[in-house]
Structures are given as C-alpha cells and as structure tokens.
Novice: 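Provided herewith is a single structure, encoded as structure tokens, for subsequent inquiry.
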Amino acid sequence: MTPGNNGASTPEDDDPFGYLYEDGQASGATPPRSGGYGYPGPSAPQQPGVPRTSYNQVRTVGERQYGQVPQQQYGQPPQAPYGQQPQQYGQQQYGQPTAQYAAPETYGGAPNRPGPPADGGGGRGSRGPNTKGLLIGAVAVVAAVVIGIGVALLSNGDGKKDDDAGKPAGGGSTGASQQPSNKPSDSTPSPAAELPKQDAATLKLGGSSVLAKDVKGAQGTDGAYVSGFNQIGASLTWQADLPSSGGYYLYVRYATPAKEANATVTVNGKPNAQPVRLGNFIGSSDPNLEKNWQTTWTQVTLKQGQNTIKFSCEQGNQCDAVFDWVEISKTKKSY
C-alpha cells in the first residue's frame, strides 16, 4: 500500500489484521513480512543527504536479548558502560557479576558523581559555637536574677508590715515615752486567800470543856488551851470561812498522857465516817502533858463561805486530851 493507492479490494489485503480472523485465514491472509502496519521491518541505512524521518527505533517483540554481551569486532577490547574503565580480558573484580549474567540495567546509567563532603566537624568548615546552648544559659541567668529580686522585695515587704504593726495607729512616733500606769492590771493573779487558823481557847466551848493555862508548851495566846474534854458531851465548835468549796485537811494540835485518844468531827451538821485519831505518835511513855504536844489531821469536805466544824466527845470515843489550836490547809504540812 502506497500513497495514492488504496490497495486491493479484498478484505484480507485491505485489513492489515485480517490474518487474525478465521475467515481471513481461510481466504489466505498472512502476517506482513516487510514491516506492515504494526510490524516494523529492518531499518534502512541512513542515506547521505536524506533527512531522517523516524527517531523511534521500534523492535519486534522478542528481538532484543537480555543478559548477552554486545557483539564486538575480533581483537577489539570490550566496551565498558559510560563512566567506567573497560575490563581487560581475563580480569574480573571480586564480588561483581560477569557481563553474561548482568541485567541490562547495569549497562549505562548516570555516572557516579562524588557528592559534597560530609560535615565531619573541625577545621575551617566546621560549625560555629553552640548558639542554642548559649541562649538557654542566658535565659536561665536572667530568670534566676528576676526570682532573686522578687524574693528580696517580698522579704522587705513583710519586714515593713511587722514594723508598722508595732507602731501606734495614726502614723509615726509622738516623741513622748509612755509612762507605766500605776493602776494594777486586771490580769495580775490575786494572792491565794489565807485559810483560817485559830486558837482552841477562842472557840465556842460546850459540856465540860474549859480554858486552862497550867500545862506549858501551849502556843495559844497567853499559853491558854482547852481542857476537860474527857467527858461525854464536851465539845469545841469553830466557824470557819472558806474561799471555795472542796476537800481540805483539818489539822489540830493536842496533847495526851502518853496514850491513844480520839474525837468525833462534825462538819455542817454531818459527822465524819471516822473519828479523828489523837494518837501517841511520838511513842511517849511519860504521862506529863507538857512533853506530849503533837499534831494530827483528818480530811473534810467544806463549802464556800462559812462552815461549822465541831470536835466532840461522843459515846465510844476516848477523849483524854487537851487542845491547843486548829487549822485548815489545802495541802499536807509537816509539823
């Protein structure tokens, strides 16, 4: 088929692919032999002076063989890919595939070009100082200075508040020193009230009780004491004022003729469960009363204000004793 010629009128000649159909093959259609449509033939040699009309060297499928060494003239050294040294006959680098088994991609390709040298540090090409570390250090120093200034300001503010708290209201000092007040403070604790102590000779006597002065050693006024207590019904009554209610110790000074004695104690009309013991605590064997003065005590419960305390000789008591004085105490004493 040429330009201006439509070719034969038969379908197998008009259709270049007629050989592919069953009816075309029955009519004798065969594949093109000289480069028909879709089947390129061998390329014609380039004629001098004739411009080239095709830049696409098309090959028939299966024509190109892979893994073969290009043909070369006998006696000529083998051609090496671009950018590589040709290999001498009989020489082969260790670990490299031979040409017979190398893929086509190993031939040609862009030549290996050396890249820029890696930055190994040091020398004139090394990096400069670590500016990031310097910046962090500077920020840390500034932060420390700011924190220190803040702490100092807070400390000064607290000290100023403490100073102002000690100043009187209304501003600065008046310049005049304050004189201590002569008025006693209300918070001053009052001295402990003195508990009552009284001579037996000043108490209210009852029954056979009488005053006497013939026995020496009595501490009452003018050496007076109470005698005649050895009879049932004899008594001594004491009116004592107490600052507060509670338990107290009731002391009495007495003398006996070197033997045991006792007496009944009644507080505000109620007798104690046990009589007060007027014992021979000094262990005297001399019946002389002058040598047998001694002190004893018993516990009583008193109320605030006036209390009536009575010593009496009742049925069952042993009352052979004389009395010098009586005393109330909150604590025990040693006489």
Side-chain angles (χ1 to χ4, degrees), residues 189-213 215 217-284 289-290 292-335:
S190 58
E194 186 177 355
L195 297 179
K197 180 179 180 181
Q198 194 167 342
D199 293 341
T202 62
L203 301 181
K204 180 181 179 181
L205 304 181
S208 59
S209 298
V210 293
L211 295 179
K213 294 182 181 180
V215 178
Q219 298 176 354
T221 303
D222 297 332
Y225 59 91
V226 175
S227 182
F229 192 74
N230 56 351
Q231 299 292 325
I232 295 177
S235 65
L236 298 84
T237 303
W238 182 25
Q239 301 293 332
D241 290 333
L242 274 298
S244 60
S245 60
Y248 292 89
Y249 294 95
L250 177 60
Y251 283 86
V252 57
R253 189 172 187 261
Y254 65 98
T256 64
K259 63 180 181 180
E260 290 290 326
N262 56 52
T264 298
V265 177
T266 302
V267 178
N268 297 322
K270 181 179 180 180
N272 276 10
Q274 298 293 332
V276 58
R277 180 186 174 190
L278 305 174
N280 184 17
F281 297 110
I282 60 176
S284 175
L289 295 177
E290 183 179 345
N292 296 325
W293 291 107
Q294 51 199 307
T295 306
T296 188
W297 59 268
T298 185
Q299 287 183 303
V300 293
T301 301
L302 304 176
K303 64 181 181 180
Q304 184 179 7
Q306 190 177 61
N307 293 264
T308 301
I309 303 172
K310 179 182 178 182
F311 294 87
S312 62
C313 181
E314 303 294 338
Q315 190 70 35
N317 294 137
Q318 300 174 2
C319 310
D320 193 3
V322 295
F323 295 88
D324 187 10
W325 52 254
V326 291
E327 180 184 13
I328 293 176
S329 175
K330 197 67 177 175
T331 59
K332 284 186 178 181
K333 294 185 177 182
S334 177
Y335 288 102

Novice: Which heavy atom in Leu236 sits nearest to a heavy atom in Ser209, and how many Å separate them?
Specialist: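 Shortest heavy-atom contact: CD1-OG, 4.4 Å.
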Novice: Using 4.0 Å as the upper bound for N to carboxylate O, is an ion pair formed by Glu260 and Arg277?
Specialist: yes
Novice: Given side-chain contact (heavy atoms from CB on, under 4.5 Å), test Val226 with Leu203 step by step and report yes or no.
Specialist: CA-CA 9 Å; Val226 175; Leu203 301 181; over 6 Å; no
Novice: When you compare the side chain of Val300 with that of Ile328, does any pair of heavy atoms fall below 4.5 Å?
Specialist: no
Novice: As an exercise, state the distance from CD1 of Ile309 to OG1 of Thr266, rounded to the nearest 0.5 Å.
Specialist: 10.5 Å
Novice: Can you give me the closest heavy-atom contact between Thr295 and Trp325, atom names plus distance?
Specialist: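 Minimum heavy-atom contact is CG2-CH2, 4.4 Å.
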Novice: Which pair of heavy atoms, one from Leu289 and one from Thr256, lies closest together, and at what distance?
Specialist: CD2-C, 3.3 Å
Novice: Could you give me the CA-CA distance, side-chain angles and deciding distance for Asp241 and Gln306, then say whether side-chain contact (heavy atoms from CB on, under 4.5 Å) is met?
Specialist: CA-CA 4 Å; Asp241 290 333; Gln306 190 177 61; 3.2 Å; yes
Novice: Under the side-chain contact (heavy atoms from CB on, under 4.5 Å) test against Asn230, which residue among Asp320, Asn317, Val322 passes?
Specialist: Asp320
Novice: Any sub-3.5 Å donor-acceptor pair from Asn292's side-chain atoms to Ala255's backbone N or O?
Specialist: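 The answer is no, because no donor-acceptor pair under 3.5 Å joins these two groups.
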Novice: Restricting to ring-ring contact (aromatic ring centres under 6.0 Å, His included), what partner residues turn up for Trp238, sequence neighbours left out?
Specialist: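 For Trp238 there are no ring-ring contact (aromatic ring centres under 6.0 Å, His included) partners, ignoring immediate neighbours.
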Novice: When the ring centroid of Tyr254 is compared with that of Phe229, is the distance short of 6.0 Å?
Specialist: no
Novice: Rounded at 0.5 Å granularity, tell me how far OG in Ser245 sits from NZ in Lys303.
Specialist: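 Between atom OG of Ser245 and atom NZ of Lys303 there are 10.5 Å.
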Novice: Which residue is it: Cys313, Ser312, Cys319? I am looking for the one with a side-chain contact (heavy atoms from CB on, under 4.5 Å) to Thr264.
Specialist: Ser312
Novice: Taking side chain as C-beta onward, heavy atoms only, is Leu278 less than 4.5 Å from Phe323?
Specialist: yes
Novice: If you look at every heavy atom in Pro275 and Asn262, which pair is closest and at what distance?
Specialist: CB-CB, 4.4 Å
Novice: Can a donor-acceptor pair be found, under 3.5 Å and without considering hydrogens, that links the side chain of Asp324 to the backbone of Gly220?
Specialist: yes
Novice: Take a 6.0 Å sphere around CD of Gln274 and say whether it holds more than 12 heavy atoms from other residues, nucleotides or ligands.
Specialist: no
Novice: Centre of Tyr248's six-membered ring, under 6.0 Å away, within 45 degrees of the axis: is that where NZ or CZ of Lys330 sits?
Specialist: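 Verdict for Tyr248: a cation-pi partner in Lys330.
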Novice: If you define the side chain from C-beta out and look only at heavy atoms, does anything of Lys333 sit under 4.5 Å from Glu327?
Specialist: yes
Novice: May I ask you to test the Leu205-Leu211 pair for a side-chain heavy-atom distance under 4.5 Å?
Specialist: yes
Novice: Given side chains that start at C-beta, do those of Val267 and Thr301 come closer than 4.5 Å, heavy atoms only?
Specialist: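 No, side chains not in contact.
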Novice: Taking all atoms of both residues into account, what is the closest heavy-atom pair of Thr237 and Lys310, and its distance?
Specialist: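 That would be OG1-CG, 3.8 Å.
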Novice: Heavy-atom distance under 4.5 Å between the side chains of Phe311 and Val326, does that happen here?
Specialist: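 Yes, their side chains come closer than 4.5 Å.
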Novice: Measure the shortest side-chain to side-chain distance between Ile232 and Ser208 over non-hydrogen atoms and say whether it is less than 4.5 angstrom.
Specialist: no
Novice: Just by distance, do the side chain of Thr298 and the backbone of Leu250 share a donor-acceptor pair under 3.5 Å?
Specialist: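 Not a single qualifying donor-acceptor pair exists.
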Novice: Closer than 3.5 angstrom, by distance alone: can the side chain of Asn307 be matched with the main-chain N or O of Leu302 as a donor-acceptor pair?
Specialist: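 The answer is no, because no donor-acceptor pair under 3.5 Å joins these two groups.
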Novice: Would you please classify the geometry between the Tyr251 ring and the Tyr335 ring as parallel, tilted or perpendicular, with 30° and 60° separating the classes?
Specialist: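 Taking Tyr251 first and then Tyr335, their aromatic rings stand perpendicular (interplane angle over 60°).
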Novice: How close do Arg253 and Trp293 get, heavy atom to heavy atom, and via which atoms?
Specialist: NH2-CB, 3.3 Å
